[in-house]
Novice: 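Sharing a structure below in structure tokens format, with a few things to ask.
Side-chain atoms are counted along with the backbone in the values below, which use heavy atoms only and exclude waters and symmetry mates. Given the structure is predicted, the values throughout are model-derived calculations rather than measurements. The chains referred to below are lettered A, B, ... by the order of the sequence lines, with proteins before strands, and numbering in each begins at 1.
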Number of protein chains: 2
Amino acid sequence: MLREHNLKVTPQRLGILSILEDTGHISIEELFTFIRKDFSSISIATLYKNINFMLEVNILKEVKIPNSKSKYEISKDEHSHMVCRKCQKLEDITLCLDGVIEHASEKSGYSFDENALVLSGVCPQCQLA
Amino acid sequence: MLREHNLKVTPQRLGILSILEDTGHISIEELFTFIRKDFSSISIATLYKNINFMLEVNILKEVKIPNSKSKYEISKDEHSHMVCRKCQKLEDITLCLDGVIEHASEKSGYSFDENALVLSGVCPQCQLA
DNA sequence: AGGTAAATAATAAAAATTATCCTTTAGAAA
DNA sequence: TTTCTAAAGGATAATTTTTATTATTTACCT
């Protein structure tokens with residue numbers, strides 16, 4: 001992935017991507033805590049720079065969540081997100097928004113090429129408690 | 001609105017709400033620039049505190065937009081947003097997401113009570129240029 | 001009108017992000 | 001392999017954004 005975008009393959013970058021793969025979604029501060037376990041001397045500036053590079057070339061996506069901090073994920077097929085108000089967990093879900101987007105396009109005259117949908121509620125586990 | 005939520009009615013707060021009514025959506029920094037025209041000595045801290053108060057009691061909503069800063073709007077009936085990648089304009093659109101959300105709920109087991117959808121593309125005006 | 005809790009302004013402090021600058025390193029080329 | 005160089009990392013300073021503190025002012029209830 002890195003090589004495809006002319007980014008040098010460094011251990012730090014591999015570490016960041018590895019954590020993103022494992023966790024699915026993670027905030028900057030969580031990521032910094034994790035990566036420090038493997039690279040105890042990594043600089044916060046390096047982390048920010050790399051996140052930004054990878055966002056620019058679309059290796060990563062930022063997920064903006066109502067009432068909480070952004071999380072980052074490795075780019076994959078288009079999907080939406082679900083966030084649990086109780087346990088704060090963030091999960092992917094693949095939905096078909098074609099009809100809705102088509103309708104929005106007709107109604108507004110916009111031509112859309114991206115969408116970001118976050119559904120907030122309570123996850124199945126937290127519903128029991 | 002303010003009185004209903006036990007917030008005192010101050011000229012600064014009325015000024016903020018008035019700008020929000022006029023602009024529809026506005027970022028903190030834009031709002032600060034605007035409000036300074038009417039209240040040249042208003043403190044940035046006052047602005048942040050009031051925005052946060054009004055968010056807490058749901059007089060306002062924060063709209064988180066991919067690749068740009070959040071904007072704020074006066075709460076109204078549920079709706080989605082459209083952002084133009086060329087002119088950066090943000091607009092409301094009312095869409096029916098019931099089907100999609102119902103489907104998401106069945107598929108995931110979540111129970112949802114809120115949704116945030118932002119569609120990104122090009123507005124009709126910018127399509128001409 | 002007077003009293004009081006809440007709001008404002010000014011400012012400091014904290015948190016988040018970006019810039020700078022010097023050292024190190026990945027990866028191309030010899 | 002070794003060498004060379006542009007790019008990346010680390011340390012830290014500087015910005016930017018947001019929140020906290022405190023003294024003064026004001027909305028609004030009697």
Novice: Cation-pi between A:Lys49 and A:Phe53: NZ/CZ under 6.0 Å from ring centre and within 45° of the ring axis?
Specialist: no
Novice: Under a 4.0 Å heavy-atom cut-off, which of residues 59-71 of chain A touch DNA chain C?
Specialist: A:Lys69
Novice: List the atom of B:Pro124, the atom of A:Ser108, and the distance in Å for their closest heavy-atom pair.
Specialist: CG-O, 3.3 Å
Novice: From CZ of A:Phe32 over to P of C:dT17, roughly how many Å is that when rounded to an integer?
Specialist: 13 Å
Novice: Between B:Ile44 and B:Arg3, which is nearer to the 5' end of DNA chain D once each is assigned its nearest nucleotide?
Specialist: B:Ile44
Novice: Looking at B:Glu29 and B:Lys69, is there a salt bridge between them, counting it only when a charged N and a carboxylate O are closer than 4.0 Å?
Specialist: yes
Novice: For B:Arg13 and B:Lys8, work out which heavy atoms get closest and say how close.
Specialist: NH1-O, 2.9 Å
Novice: Do any pairs count as a side chain to side chain donor-acceptor pair (under 3.5 Å) and have a residue in residues 84-105 of chain B, sequence neighbours left out, and if so which ones?
Specialist: A:Tyr110-B:Glu91, A:Asp113-B:Arg85, B:His25-B:Asp92, B:Lys76-B:Asp92, B:His79-B:Asp92, B:His81-B:Asp92, B:Lys89-B:Gln125
Novice: What is the per-nucleotide protein-contact pattern of nucleotides 3-10 of chain D, from the 5' end, where B denotes a base atom under 4.0 Å from a protein heavy atom, S denotes such proximity for sugar-phosphate atoms only, and - denotes neither?
Specialist: ---BSSBB
Novice: Tell me the interatomic distance from A:Leu31, atom CG, to C:dA16, atom P, rounded to whole angstroms.
Specialist: 14 Å
Novice: OH of A:Tyr48 versus P of C:dT20: gap in Å, rounded?
Specialist: 18 Å
Novice: Taking only side-chain nitrogens and oxygens of A:Asn52, does any of them come within less than 4.0 Å of OP1 or OP2 of C:dT18?
Specialist: yes
Novice: Atom CD of B:Glu30 and atom C1' of D:dT17: how far apart are they, to the nearest Å?
Specialist: 15 Å
Novice: Where is the tightest heavy-atom contact between B:Phe32 and B:Ile42, given as atom of each residue plus distance?
Specialist: CE1-O, 3.8 Å
Novice: Go through it in stages, so that I can follow the logic: the residues are A:Ile74 and A:Glu21, the test is side-chain contact (heavy atoms from CB on, under 4.5 Å), and I'd like the CA-CA distance, side-chain angles, deciding distance and then a yes or no.
Specialist: CA-CA 7 Å; A:Ile74 296 177; A:Glu21 271 193 344; 3.5 Å; yes
Novice: So, for B:Lys64 and A:Ser68, which heavy atoms are closest and what is the spacing to 0.1 Å?
Specialist: NZ-O, 2.8 Å
